[in-house]
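What follows is a short report on a single structure.
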Amino acid sequence: MTNKLNSLLTHSFCVLFILIAAVTKGVSQKPVKVFILAGQSNMQGHGEVEKGEKGNLTWIVKNDKNGKYQHLVNKNGGWTKRDDVFITTEDKYNVKRTTELTVGYGASEHTIGPELEFGNVMGDYYTNDVLIIKTAWGGKSLAVDFCPPSAVSKRGYNKLPGAPKDTGYYYVQMLATVYDVLENIQKYVPDYKGEGYEIAGFGWHQGWNDRVNQSAVDVYEKNMAHFIRDVRRDLGAPKLPFVIATTGMGGWKEEHPRAVALMKAQLAIANYPEFKENVAVVDTRDFWREIEESPSKQNYHWNRNAETYLLIGKSMADAMTNILSDNSRNKISQKIREATYSENRILAPTPPMGWNSWNSFKQEINENKIREIADIIVSSGMRDAGYRYLVLDDAWMGPKRDAKGELMADSIKFPAGMKAMGDYIHSKGLKYGIYECRGLKTCQGLPGSLHHEQTDMSSFADWGVDYIKLDACFAEKNGRLTTEDLAIYRDAIKKTGRPMILSISDFGQGGWAWGGKNYGQLWRTSMDIYPFIESVYNCAETSGGAGSIHPGFNGLWQFAGPGHWNDPDMLQIGNLKNATEDKVHFSLWCMLAAPLMAGNDLRVMSDSVKNILMARELIAVNQDSRAQQGYRVFKQDNIEIYNKPLADGTTAVLLLNKGHDIANITVNWKQVGLKGKQKVRDLWEEKDLGTFKDSFTAKNLGQHGHMLIKVGKEGSKPLAGPEPLSPEKYTVTNVGTTYLSDLYYIMKEYNAPVVDKSFKGKAFNLNGRSYEKGLGCKSISALMYKLDGKADRFKAIVGLDDASPDGKTGKFRVLVEDKFGGRAIYDSGIIEKKDGGKEVDIDVKNLDFIMLEFTGKGVYGNWVDARVEVKK
Ligand code: GLA
């Protein structure tokens, strides 16, 4: 901040003002102003600092008669360093270099470019911190390297730019670099504390490489216009101020027809009606310095004259501040974007949102389709509505690993490779998700990650992956418990140093139960979702009600929170029968704070589907910062009511009719923690409905008809949430004997047990002997109980109830944790009812979870007196 204070002091403002200014700036509360400076070697900058006799920076500062450049030198005769302007560059070796703005951030540490004076002017202009992102690569043309997608065709590039010679490769690299910096802004602006940033302007200085051939000159003007439009769209900044500095080398003496034509094309841009308000072109021919006054004869680098670069930078900045300060143009001011500050940075603080390829494309994915999807996520407005993760599901990989054992892209589907795919996705301001499987093979039989965990996670990190969907096909053959397996991935990801979300995809095998949050950010809570409404309801059932969890929990809400989410699987919106079904699907997922991963083919998305996916007041419920998952407060037959208390003191309420008959559904305020008169807003219609006393009734709801309303006064004290279940209900907490029939199972598969009765509903009967306590099962049933490492022994008598049909068999097993581990600590072998009861007495010391598994066909299996014992 000292630079700003100095400049204020020299302008002799009153002391009070300085104090106020110091307070507001000193803590850097204002959003960072971000400027992008892009182009080829002109923008890299070759103004010599010391080399040569004349025209180098040292010489210029010494011979600075008018005192124009004294701010570049500090009291000790060194180069000034600003603590309010920061620069990061890709230099000629493509190394990112970052610092407080100073001399030496041209193409190399011996040179300067336009950034120096551009930054100085901007730093003085704003009381905010300024960040300059300079992306420039020498020798690049607009016709090929920087060619913007819309200049190629309406549908963008014909081919994913994967190699440096490909059309658009540097356009993609430029934006991917910008987004990478913004994502990690704290690394570049050291005093950043989470105040957000604003992309404030874009500077372009380029052209030399186009002027070498006529066809490139011919398309320059058109391409430049596309470039501005595309950059604005891709950066989500529709009126982003642009300043173009012409490729003025040769100065006013330059007569080569191609050079003259190119500059003319550049100058013409400013006169386009669409660009008039906020695009300026600076003619740089005045800044040409002759060879005799310059460090070098190399004219294509402006003779390496430092003053040339100072002047280009200053003139660009002046044009920029001219745009920015013109009141009539102030409407262009860009939105403030959030970028979290790392001390409290967690992955997935709210449920991840994005798109996944599986539900619409299955194995039929390729780089062109994905590229188009990325484009549409941006152009449709989905990105800006929150859909950030673009996840490639199964079948992106080739059938074999390479010689080093590394995963390879399917060379037909993804010829440019997975890194190029990621760069493209990043260049759109999206995040890159990829699928793998912890089994030997993926669900589609392609190479899985088993025994290649670190290699694969490192490949993903190298490719710039941000999100890993980790499937579980064949994982039961791994010989590892789920938690052992996942710890390997968690640690491997950590070792890469790249933050990557781990999405645990295991068909709903109890991630909430065995502590998915210790390994990843989300876990499946159901089997795969299919494009029909019954499947949608089924998938939501565990998270929002019973399903695979004991009904006593009333859903999984107590296991969700910032950085750890229940995932009832990806969206089928757009794949269902009609808008009514699509809407109810979205409402449920928003209420359940479920990840919102669109799964429709966005290329053929109707307006209705788009409006559903982008319903902003619903998305706000899903992404609410309180991160309280919604829960069911009422269920009778086909009528259900869910409640989700929000951060602003209101609550979202879903009134849902799943049945055929038309219904009126009433929510009483006391069901949602309110009373008296309350404001009600319809979140689908985005309309206030008025004030309602004690209750609200949604009328005439047909099948799958529903209303999602927001109730209460914004800004009031947040409502109390639901009470988490006390651990004694589902965990072993007492010394002595605990009957499992007195605990809630935390996860189940297939049939729920009957408590303290056989499945027939009678006392247990084993070979004529009758018992009172235990768990009654039928056919197949697997029950997970939480021991929390506290129990010493598990004891029971197992056998087929006398009510079972003759001659049929069954089998009892006790597994450590879940079925994926396949680690049985007890196995009854196949038994018949005539075998009577078998004693089980096994060591369960230090086990967190056990699973009781009964398998039989049409027989009644009894876990009589099933209990754990805890020694004193
Ligand atoms: C499993 C997952 C699905 C999908 C497929 C891909 O079934 O649950 O979401 O990833 O594999 O093969």
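First listed ligand is number 1; within each ligand, the first listed atom is number 1. Just so you know, these numbers use all the heavy atoms, side chains as well, and skip hydrogens, waters and symmetry mates.
Salt bridge D375/R155: absent, no basic N to carboxylate O contact under 4.0 Å.
Contacts classified as ring-ring contact (aromatic ring centres under 6.0 Å, His included) and involving residues 519-542 (residues at least two apart or in different chains) are given here: Y537-H704.
When the side chain to side chain donor-acceptor pair (under 3.5 Å) test is applied to N600, no partner is found at least two apart in sequence or on another chain.
Contact shell of ligand 1 (protein heavy atoms, cutoff 4.0 Å): W358, D393, D394, Y435, C443, Q444, K469, D471, S505, F507, R524, D528, M570.
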Please tabulate, for side-chain N and O atoms in residues 406-421, each donor-acceptor pair with protein atoms closer than 3.5 Å (sequence neighbours left out).
| residue | atom | partner | partner atom | Å |
| --- | --- | --- | --- | --- |
| D410 | OD1 | I412 | N | 2.9 |
| D410 | OD1 | K413 | N | 3.0 |
| K413 | NZ | Q363 | O | 2.8 |
| K413 | NZ | A395 | O | 2.8 |
| K419 | NZ | D423 | OD1 | 3.1 |
| K419 | NZ | D423 | OD2 | 3.0 |

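In this structure a side-chain-to-backbone donor-acceptor pair under 3.5 Å is present from D166 to A163. With hydrogens and angles ignored, the 3.5 Å screen pairs a side-chain donor or acceptor of Q454 with a backbone N or O of A492.
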